[in-house]
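Following: one structure in structure tokens, then a few remarks.
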Amino acid sequence: MGSGPSFPMVPMTRDKLFIVTGANSGLGYEIAKWTSMMGATVILACRSEGRTQEAIEKMNKEFQAEKAKGTAGLTDSDSLALEYMQLDLASFASVMEFCENFQKSGRKLHVLFCNAGLGLGPFQKSSDGNEMLLQVNYLSHFIIIGKLFGIMKQSGPDCRILLMSSAAHKSGTFDLKTINYDGNPDSYPRLNYYGRSKLYQIMQAAEMGRRLAGSDVTINSIHPGLIDSNFWRDWNTGLKKVAHGAMQATGVAKSPFRGAKCSIDLAVNPKYVGLTGLYWCDSKVVTPNSDARNKGKQEALWQWTMEKVKGYLTEEEIRGLQGTGSEQAG
Ligand SMILES: NC(=O)c1ccc[n+]([C@@H]2O[C@H](COP(=O)([O-])OP(=O)(O)OC[C@H]3O[C@@H](n4cnc5c(N)ncnc54)[C@H](OP(=O)(O)O)[C@@H]3O)[C@@H](O)[C@H]2O)c1
């Protein structure tokens with residue numbers, strides 16, 4: 001499976017259910033493909049049906065190629081259990097529709113992989129009035145977690161929430177007063193706001209891991225490394241283009257498959273049962289920056305976020321997320 005850390009091929013049946021956001025491309029594509037090749041059903045929660053159906057077709061072709069190569073641990077099924085569900089993280093209405101459709105289905109949910117993300121483009125505001133990275137990378141995933149957490153709690157003894165963060169969190173400032181950028185679009189500090197969105201994910205995993213300790217649902221965040229994916233599509237001019245070219249030519253950037261190994265490992269490997277609230281890279285726990293580790297700031301971010309998203313959650317969902325102490329008390 002190539003160099004670097006790897007993951008075990010864990011046999012799963014089709015009733016093991018994964019949701020992967022942004023699964024039509026890059027890291028999400030590899031996570032969805034490999035976990036479904038182990039037998040799980042994977043819902044690809046994506047904004048474009050066309051791109052997702054193409055991805056599903058490609059995954060099935062690659063599955064047949066892996067079978068022909070004799071790759072160990074593949075499901076015996078003839079085709080992969082992959083399903084598309086519409087989700088546009090830039091719209092809270094779409095997030096709500098996605099969650100309500102999933103809730104109505106009555107299905108269990110074992111792994112929720114909040115992978116989709118944007119970064120480094122020019123300033124954009126969502127239709128809900130939020131700086132785009134705050135909404136797409138953080139707030140919308142927070143709502144999905146809040147709305148589906150109750151289902152995960154009832155889904156069995158080992159359910160996992162994973163958040164695709166980044167070492168770029170170190171470029172983010174923690175300042176709740178300026179959390180929702182509203183300045184001059186021409187002076188938008190894009191790397192700082194990308195970093196902020198990734199910082200919040202690490203802080204969320206730490207805070208929620210602590211609140212829900214003792215429940216059967218764990219939450220962790222990940223830095224996948226520098227990945228040669230569509231993520232860099234906005235870096236197509238001038239010096240940025242040169243930097244991207246150099247990244248590819250020198251091999252500094254990992255392929256999406258190499259970059260996804262830690263994520264796949266954390267999603268399936270039984271050795272991680274019960275580990276929660278941690279930040280990972282290359283299948284090892286790593287230390288994020290001091291803001292990410294600061295419990296006071298984690299708590300402040302949590303309160304700010306709950307206030308911001310409470311209109312999208314029921315009383316029961318809010319109580320479930322708050323971890324009223326019952327989990328801790330056992
Ligand atoms: N690439 C890196 O070097 C790197 C490093 C650290 C962390 N990460 C993180 O890794 C994650 C995956 O990125 P990647 O490198 O695999 O990039 P990618 O190939 O561009 O994949 C990003 C995925 O997110 C989806 N997405 C973007 N906006 C969305 C929205 N509004 N609603 C629903 N889905 C949306 C994209 O869908 P479309 O195809 O429809 O655009 C795509 O499926 C991101 O969270 C990123 O921040 C990447």
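Whatever order the structure lists them in is the order used to number ligands and atoms, beginning at 1. Values reported hereafter were calculated over all heavy atoms of this structure, with side chains retained and with hydrogens, waters and symmetry mates removed.
For the pair Thr21 and ligand 1, no heavy-atom separation below 4.0 Å is found. Using 4.0 Å as the threshold, Ser165 has a heavy atom nearer than that to some atom of ligand 1. Residue-ligand proximity: Tyr29 is placed with every non-hydrogen atom at 4.0 Å or more from ligand 1. Distances shorter than 4.0 angstrom do not occur between any heavy atom of Cys46 and any atom of ligand 1.
At a cut-off of 3.5 Å, with distance as the only test, a side-chain donor of Thr178 or Arg196 sits close to an acceptor on the other residue. For Gln298 and Arg293, the side-chain atoms include no donor-acceptor pair closer than 3.5 Å.
Applying the 4.0 Å criterion to heavy atoms of Met164 picks out, from ligand 1, the atoms 9 (C), 10 (O), 11 (C), 45 (O). Ligand 1 places these atoms under 4.0 Å from at least one heavy atom of Asp88: 30 (C), 31 (N), 32 (N). Near Leu87, meaning under 4.0 Å from one of its heavy atoms, ligand 1 places the atoms 32 (N), 33 (C). Within ligand 1, the atoms closer than 4.0 Å to a non-hydrogen atom of Gly26 are 16 (O), 19 (O), numbered from 1 in the order shown. For ligand 1, the atoms sitting less than 4.0 Å from at least one non-hydrogen atom of Trp232 are 1 (N), 3 (O), numbered in the order shown with element in parentheses. Within the listing of ligand 1, atoms 7 (C), 8 (N), 9 (C), 46 (C), 47 (O) sit less than 4.0 angstrom from a heavy atom of Tyr194. Of all atoms in ligand 1, listed by their number and element, those nearer than 4.0 Å to a heavy atom of Asn24 are 37 (O), 38 (P), 39 (O), 42 (C), 43 (O). Set against the non-hydrogen atoms of Gly117, the atoms of ligand 1 under 4.0 Å away are 22 (C), 24 (O), 27 (C), 44 (C), 45 (O).
In this structure, of Ser166, Gly225, Ser126, the residue bringing a heavy atom nearest to atom 4 (C) of ligand 1 is Gly225. The closest non-hydrogen atom to atom 40 (O) of ligand 1, taken over Arg51, Lys198, Gln201, comes from Arg51.
Taking 4.0 Å as the cut-off between side-chain N and carboxylate O, Arg319 and Glu316 do not count as a salt-bridged pair. A salt bridge links Asp182 to Lys125: one of the charged nitrogens lies within less than 4.0 Å of a carboxylate oxygen. Ion pair Glu83/Arg107 flagged as a salt bridge, since at least one NZ, NE, NH1 or NH2 atom sits closer than 4.0 Å to an Asp/Glu carboxylate oxygen. A salt bridge links Arg211 with Glu207: at least one charged nitrogen is closer than 4.0 Å to a carboxylate oxygen. Residues Asp282 and Lys254 are paired through a salt bridge, judged by an N-O separation under 4.0 Å between the basic side chain and the carboxylate. Salt bridge present: Lys58 and Glu62 bring a charged side-chain N and a carboxylate O closer than 4.0 Å. A salt bridge links Lys69 with Glu66: the closest approach of a Lys/Arg side-chain nitrogen to an acidic carboxylate oxygen falls below 4.0 angstrom.
The shortest N or O to N or O distance between Pro224 and ligand 1 is not below 3.5 Å. Geometrically, ligand 1 and Leu226 share no nitrogen or oxygen pair separated by less than 3.5 Å. Remark: ligand 1 and Asn115 share an N or O pair separated by less than 3.5 Å (distance only, no angle test). Considering backbone and side-chain N/O atoms, Gly22 comes within less than 3.5 Å of an N/O atom of ligand 1. Between Arg47 and ligand 1, a contact under 3.5 Å exists for at least one N or O pair. Residue Gly28 has no nitrogen or oxygen atom sitting less than 3.5 Å from a nitrogen or oxygen atom of ligand 1, judged on distance alone. Considering both main-chain and side-chain atoms, Val136 never comes within under 3.5 Å of ligand 1 through any nitrogen or oxygen pair.
Of all the heavy atoms of Ser48, none lies under 4.0 Å from any atom of ligand 1, so neither backbone nor side chain is involved. Only side-chain heavy atoms of Leu118 come within less than 4.0 Å of ligand 1; its backbone N, CA, C and O stay farther off.
Ring centroid separation for the pair Tyr272 and Trp280 comes in under the 6.0 Å cut-off. Outside the 6.0 Å centre-distance limit, the rings of Phe113 and Phe18 are not counted as a close aromatic pair.
In this structure, Tyr312 and Phe92 have tilted ring planes: the angle between them lies in the 30° to 60° band. Taking the six-membered ring where tryptophan is involved, the planes of Tyr194 and Phe231 are tilted, since the angle between them lies from 30° to 60°.
Between Arg160 and Val273, some side-chain heavy-atom pair lies under the 4.5 Å cut-off.
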